[in-house]
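Comments concern the structure below.
Counting from 1, the numbers follow the sequence of the chain as shown. Owing to the predicted nature of the structure, the values given are computational and were not obtained by experimental measurement.
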Amino acid sequence: MRPSTLRALKRAVELTRQNRLTEAVLIAEPVILTADSYEGDEILRWLAEHVTDFTGDTDMEAR
């Protein structure tokens, strides 16, 4: 994944945790939409691995 993509995703996490979802989407959406299929797969994996970063829920495995 490109460093700029990772930075955008991490910034989206920060904004989401601050309840600034609209801003998070405005930052992450263009990066996701312009990714090629390889980077898109990396983004999906990263999002799946970091879902608790967005939600703050540390007990995801219990569900």
Side-chain angles (χ1 to χ4, degrees):
M1 176 180 338
R2 292 176 292 161
S4 59
T5 299
L6 185 56
R7 277 193 307 275
L9 294 175
K10 287 181 177 181
R11 181 65 180 142
V13 167
E14 293 171 16
L15 292 168
T16 300
R17 296 293 298 273
Q18 297 171 14
N19 292 320
R20 295 165 60 188
L21 185 59
T22 302
E23 292 170 79
V25 170
L26 288 173
I27 288 174
E29 184 179 36
V31 172
I32 293 168
L33 292 177
T34 59
D36 62 19
S37 62
Y38 178 76
E39 188 174 40
D41 290 343
E42 288 181 317
I43 291 169
L44 286 174
R45 274 192 305 279
W46 190 90
L47 289 171
E49 292 169 1
H50 293 88
V51 68
T52 58
D53 294 348
F54 285 92
T55 65
D57 189 354
T58 58
D59 195 27
M60 290 296 289
E61 291 183 17
R63 293 183 182 189

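Annotation: salt bridge (charged side-chain N to carboxylate O under 4.0 Å, His left out) contacts involving residues 31-54, sequence neighbours excluded, comprise R2-E39. Here ring pair (Phe, Tyr, Trp, His ring centres under 6.0 Å) pairs that include residues 8-34, with residues two or more places apart or in two chains, number zero.
In this structure, A24 and T16 approach most closely via the heavy-atom pair CB-OG1, 3.4 Å.
Taking OG1 from T22 and CD1 from I27, the interatomic distance works out to 11.5 Å, rounded to the nearest 0.5 Å. Rounding to the nearest 0.5 Å gives a distance of 7.5 Å between CZ of R11 and CD of E23. Expressed to the nearest 0.5 Å, how far CZ of R17 lies from CG of L15 amounts to 12.0 Å.
Other members of the cluster containing L9 are M1, L6, V13, I32, I43, W46, L47, F54, with ILVMFWY side chains joined at under 4.5 Å, either directly or via other members.
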